[in-house]
Amino acid sequence: MNCIDFRRQCLLEPMRDTPERIAHAETCERCAQHLAEVRSFDLLIASALAVKPPDGLAKEIILKTERRTDRRLPSAWRYGLAASLLLCLVGGLLLSSVKRDLKYDLAEQTLQHVIAEPEALAQHGDVSFSQVEQVAAKVGLAVSDSLARVSYVGTCNLGDKPALHIVLARDSGAVTVLVMPDKPIQAAQTFARGAWRGRLSPFYDGSLALIHTGDMPEVLKIEERVKSIVKPQSYRF
Amino acid sequence: MASNEINFKQLVDSYHQSLYRYAYWLVGKPHIAEDLVQETFLRAWKNMSQLRDMNSAKAWLITILRRERARLYERKQLELVDDFILDELPSDLSNVELNPDILALRSQISKLAEHYKEPLILQVVEGYSLAEIADILSVPAKTVATRLHRARRQLRDSLSDSGSDGTKQGASV
């Protein structure tokens, strides 16, 4: 790939990495800089487009759909029961299929959560280790050492489950860490959406998500670090 | 039918935010965007049997939303694009809304023609490829590429005119 092809592709699909594009950016500093500028602008556009729906919209949709179709959709326990019955009836094939869907939904949920909370990404202050420790304890997590450059820490709910929400300031852009003690997944996966990249991996009985706009190698180091210093309180360091 | 109901709840949980965002930028008014999303899911619920693959659900929902929006315009003869309500956006975006570059950009995005705005949302926020956007919007991929290029150029030009440097500011978001 030459510089003209590289820049043409950058204009068409700035966020889509191909092996050829990555290889060219590694050898051409000017093109790499061009790509970074194009992506920065897209990130700004993405932030501008990120509007949050009214609270409770999902519940409102379910309620209105029930009312207007005169049919009750399953409540939480019915949902669970129906899922269990389906799993028992159809067996392993269906089991793997359902798990794939849930994993897919979790990736979507984590992305949605980060996109819908740009205020968390916009923080610039330094959060102390003791603050991280205190907030983590609220969702049943223990932290044994500090993470570098924490700009935000809070708890949040993904679906009906609590999670620890941390944002790390990095030169290549903010990295959001979501530790979800009650959202299990079977295997790690990476995903991408527009300006955002994400990685989900198993974490004790739950999962860990990292959402970012920067480089994957740096994110993998962060994942390793988080896994080495954060544990459920029920586990000993 | 039970699996349809489970799938429907999953769809609502997973995609109501994406659809609301898309609807908001199409119609420009939060309460109409909310109605539109509601109508979209109602239509989706009635047609759940048509959804063969959950992985293509979002594109399917966006297609329904675009049709519902066309119906809404036919019924009410609405003129919505010219009077975008940016002030009614949720207040919990306070930090970002205070960022003047993002505010300026929101204003410029609201002024973009719809055929520029739609592919921009689909690519930048939803992460669809050119081919996928072409499929959703039922236009050739080359047309999508041209519209995306022009949309970005208009936004860059408008930020330059207003004295903001979007490229540099973007890195700190």
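Naming convention: chains lettered A, B, ... in sequence-line order (proteins, then strands); numbering from 1 in each chain.
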Straight-line distance of [X] [atom1] to [Y] [atom2], nearest 0.5 Å:
X      : Y     : atom1 : atom2 : result
B/H149 : A/L12 : NE2   : CG    : 9.5 Å
A/Q109 : B/D13 : CD    : CG    : 6.5 Å
B/Y24  : A/K52 : OH    : NZ    : 15.5 Å
A/I62  : B/F8  : CD1   : CZ    : 5.0 Å

A cation-pi test, strictly: NZ or CZ of B/R156 under 6.0 Å from the centre of the six-membered ring of A/F41 and no more than 45 degrees from its axis. Yes or no? yes
Are more than 12 heavy atoms, taken from residues, nucleotides or ligands other than A/R149, located less than 6.0 Å from that residue's CZ atom?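 Yes, because the 6.0 Å sphere around CZ of A/R149 holds more than 12 heavy atoms from other groups.
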Candidates B/I121, B/L105, B/V125 - the one meeting side-chain contact (heavy atoms from CB on, under 4.5 Å) with A/I45: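 Testing each of B/I121, B/L105, B/V125 against A/I45, the sole residue satisfying side-chain contact (heavy atoms from CB on, under 4.5 Å) is B/L105.
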Is it the side chain or the backbone of B/S129 that comes within 4.5 Å of chain A heavy atoms, both, or neither?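 Looking at B/S129, backbone and side chain both touch chain A.
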Contact winner vs chain B - A/L111, A/L11, A/L57, heavy-atom pairs under 4.5 Å: A/L57
Taking the side chain as C-beta and beyond, is there a heavy-atom pair between B/E34 and A/P53 under 4.5 Å? no
Indicate yes or no: at least one non-hydrogen side-chain atom of A/K64 is less than 4.5 angstrom from one of B/L42.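 The answer is no, as the side chains (C-beta and beyond) never meet within the 4.5 Å cut-off.
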Please find the pair of heavy atoms, one from [X] and one from [Y], that lie closest to each other, and give the distance.
X     : Y      : value
B/Q38 : A/I61  : OE1-CA, 3.2 Å
A/V51 : B/R106 : CG1-NH2, 4.1 Å
A/P14 : B/Q123 : CD-OE1, 3.9 Å
A/A58 : B/V12  : O-CG1, 3.6 Å
B/W25 : A/L49  : NE1-O, 2.9 Å

Side chain to side chain contact (heavy atoms under 4.5 Å, CB included), that's the test. Do A/D42 and B/R152 meet it? Break it down for me. CA-CA 9 Å; A/D42 260 28; B/R152 284 191 176 90; 2.8 Å; yes
Do the side chain of B/R21 and the main chain of A/A50 share a donor and acceptor less than 3.5 angstrom apart? no
